[in-house]
Number of protein chains: 2
Amino acid sequence: MQNPESSGEGCGTVRRGRPRAFDREKALAAAMHLFWRKGYSATSISDLTAAMGIGSPSLYAAFGSKEALYAEALEHYGRMHEATAWGGFLAAATARDAVEAFLRDTAAGLSEAANGCMVTLSAVGAEGHEELGALVTSARNATLIRLEERIEQAKAAGEIDRLVDTHRLARFVQTVQNGMSLIARDGAELGELIAVVDMAMLAWDAQLREPPHV
Amino acid sequence: MQNPESSGEGCGTVRRGRPRAFDREKALAAAMHLFWRKGYSATSISDLTAAMGIGSPSLYAAFGSKEALYAEALEHYGRMHEATAWGGFLAAATARDAVEAFLRDTAAGLSEAANGCMVTLSAVGAEGHEELGALVTSARNATLIRLEERIEQAKAAGEIDRLVDTHRLARFVQTVQNGMSLIARDGAELGELIAVVDMAMLAWDAQLREPPHV
DNA sequence: CGGATTCTGCATCAATCGCTACATAATCCA
DNA sequence: TGGATTATGTAGCGATTGATGCAGAATCCG
């Protein structure tokens with residue numbers, strides 16, 4: 001926050017003084033995994049320094065504070081999972097294919113991580129850290145908006161009837177995806193997650209068969 | 001834990017010594033709401049004593065420890081919401097009606113509380129308290145088992161084809177219900193939750209129309 | 001080399017954590 | 001009333017929390 005150079009990693013500038021003895025990216029990844037698994041409040045600085053393999057002064061010099069480290073861990077999480085979560089979605093030819101790819105890729109990702117989605121399951125706002133809570137809330141909202149925009153695009157392309165409720169479709173997909181994070185954290189296996197996706201797509205198809213105005 | 005009388009509230013026995021100056025049930029309810037909203041780790045004893053309106057010695061005399069208080073708050077939560085969550089489910093004539101009632105009652109409950117379900121969203125196990133984590137995990141699993149048993153019952157009654165995958169149906173319903181907790185905590189309104197339920201029931205109906213073996 | 005700069009490890013800060021000892025207050029039974 | 005029992009309030013326990021001061025080490029530029 002206070003030092004504008006420290007957070008940006010200063011890619012272009014030549015580093016002066018004693019060089020950092022640890023890999024900042026790896027330390028950040030370790031912190032991310034810890035925050036991901038235990039949440040913000042239950043993760044202490046000593047947990048972090050142990051997992052990152054550094055002392056607390058190095059942590060604070062490199063990341064500023066626990067809150068700033070969490071914010072950066074969130075960004076790192078987003079960078080790491082952007083492609084796997086949205087690649088198929090963006091490449092799909094239709095909104096239906098996009099949604100199905102999105103849910104299937106989510107299922108695949110969740111069955112590997114087994115922690116659920118860091119963004120979906122974060123309760124950092126409710127834990128009393130409103131600024132960080134706003135970060136995760138806006139990240140969640142971005143998913144809903146992406147879904148809605150893709151559906152609107154499908155409407156413009158004539159793929160989906162203009163009278164269909166975009167928000168309803170998107171909310172449903174979001175709900176299923178969120179729920180998958182929870183059952184995955186409780187140990188659901190890939191096959192179960194895939195079955196959930198299949199049933200969700202049945203709902204999608206049935207909803208688009210329904211008369212739009214009832 | 002150590003004192004067998006303290007946790008059971010000793011309804012029948014005559015109380016001796018100085019009487020308690022606070023309402024144990026109300027204090028427990030206050031603790032439950034705090035744990036519900038903030039989670040286990042982010043809720044401190046001073047938060048609790050402030051919300052319960054008592055001193056810490058009274059808290060420990062009445063509830064034993066923070067962990068025991070959380071466990072009792074969980075039970076209290078279950079008792080408070082058992083009827084509203086499962087009343088319609090148990091009264092329904094068919095499995096389909098039961099599931100729809102379960103999801104609709106969930107939607108109604110979530111739109112009031114706006115915290116999501118305390119059991120669904122608890123991460124106390126991941127926070128490092130495995131015993132409490134086992135409690136919430138088994139509570140979540142109980143929901144899945146109830147759903148599965150109701151579906152099996154419907155199969156026995158000839159209402160649902162025996163070849164349909166019980167676990168798949170139950171997992172889907174559980175996933176949708178879990179997801180609803182998350183979007184409710186993010187501010188989804190009753191109408192949006194109801195729309196999700198409607199779409200979930202489309203999936204239910206479509207799944208039961210599908211040929212069981214593919 | 002010397003001086004500036006930056007990072008690391010040790011030690012520690014004030015604050016808070018979960019929890020409790022202790023003296024006093026309020027009730028019961030006799 | 002007096003002794004037994006239980007609850008309350010103050011005050012504080014040792015441990016841990018998030019976060020730093022500081023001396024020394026390691027690099028840069030000149």
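Computed from heavy atoms alone, side chains included, the values below leave out hydrogens, waters and symmetry copies. In the text below, chain A, chain B and the rest are named by the order of the sequence lines, each starting its count at 1. Remember, it's a predicted structure, so these values are computed and weren't measured experimentally.
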Side chain of [X] only, heavy atoms from C-beta on: which candidate in [options] is closest?
{"X": "B/A21", "options": "D/dT8, D/dA19, C/dC19", "result": "D/dT8"}
{"X": "A/P57", "options": "D/dA26, D/dA19, C/dC10", "result": "C/dC10"}
{"X": "B/R18", "options": "D/dT8, C/dA11, C/dT8", "result": "D/dT8"}

Review point. Would you say A/Y60 and A/L69 make side-chain contact, with heavy atoms under 4.5 Å?
Key: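 A/Y60 does not reach A/L69 side chain to side chain.
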Practice item. Evaluate the side-chain proximity of A/Q177 to A/F102: yes if any heavy-atom separation is below 4.5 Å, no if none is. Key: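 Yes, side chains in contact.
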Point to revise | Closest-nucleotide 5' rank along DNA chain D - winner of B/L59 and B/G17 | key: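 First, find each residue's nearest nucleotide; the 5'-ward one identifies B/G17.
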Within this structure, what is the [atom1]-to-[atom2] distance between [X] and [N], rounded to whole angstrom?
{"X": "B/H129", "N": "C/dG18", "atom1": "NE2", "atom2": "P", "value": "9 Å"}
{"X": "A/I54", "N": "D/dA19", "atom1": "CD1", "atom2": "P", "value": "14 Å"}
{"X": "B/Y40", "N": "C/dC17", "atom1": "OH", "atom2": "P", "value": "13 Å"}
{"X": "B/M52", "N": "D/dA7", "atom1": "CE", "atom2": "P", "value": "14 Å"}
{"X": "A/R24", "N": "C/dT6", "atom1": "CZ", "atom2": "P", "value": "15 Å"}
{"X": "A/F22", "N": "D/dA26", "atom1": "CZ", "atom2": "P", "value": "17 Å"}

Point to revise | Set of residues satisfying side-chain hydrogen bond (donor to acceptor under 3.5 Å, both in side chains) with respect to A/R96, sequence neighbours excluded | key: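 Scan of A/R96 (side-chain hydrogen bond (donor to acceptor under 3.5 Å, both in side chains), adjacent residues dropped) gives A/E100, A/D205.
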Review point. Within a reach of under 6.0 Å around CD of A/E130, are more than 12 heavy atoms found that belong to other residues, nucleotides or ligands?
Key: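 Not buried by this count: 12 neighbours or fewer within 6.0 Å.
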Exercise for review: Taking only heavy atoms on the protein side, list every residue of residues 41-50 of chain A lying under 4.0 Å from any atom of DNA chain D, sorted numerically.
Suggested key: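 Residues of residues 41-50 of chain A under 4.0 Å from DNA chain D: A/T43, A/S44, A/I45, A/S46.
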Review point. Taking the nucleotide of DNA chain C with the closest heavy atom to each, which residue, B/K66 or B/P19, is nearer the 5' end?
Key: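 Upstream on the strand: B/K66.
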Please determine if a side-chain N or O atom of [X] lies less than 4.0 Å away from the OP1 or OP2 oxygen of [N].
{"X": "B/R16", "N": "C/dT27", "result": "no"}
{"X": "A/S58", "N": "C/dC7", "result": "no"}
{"X": "B/Y60", "N": "C/dT20", "result": "no"}

Practice item. Look at the aromatic rings of B/Y70 and B/F35 and report parallel, tilted or perpendicular, splitting at 30° and 60°. Key: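 Ring orientation of B/Y70 relative to B/F35: perpendicular.
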Exercise for review: Give the angle between the helix axes at the two ends of the helix from C/dC1-D/dG30 to C/dA30-D/dT1, taking five base pairs at each end and rounding to 10°.
Suggested key: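 Axis angle across the helix from C/dC1-D/dG30 to C/dA30-D/dT1, nearest 10°: 10°.
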Practice item. Flag this pair as yes if the NZ/CZ of B/R168 is under 6.0 angstrom from the six-membered ring centre of B/F172 and inside a 45 degree cone about the axis; otherwise no. Key: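 Pair B/R168/B/F172 does not count as cation-pi.
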Review point. Do the numbers put A/K66 on top of the ring of A/Y40, so that NZ or CZ is under 6.0 Å from the six-membered ring centre and no more than 45° off the axis?
Key: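 Verdict for A/Y40: a cation-pi partner in A/K66.
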Point to revise | Inter-residue atom distance A/R150.CZ - A/I160.CD1, 0.5 Å rounding | key: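 It is 8.0 Å, given to the nearest 0.5 Å.
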Point to revise | Pair A/D47-A/S44, side-chain donor/acceptor within less than 3.5 Å | key: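 Side chains of A/D47 and A/S44: pair found under 3.5 Å.
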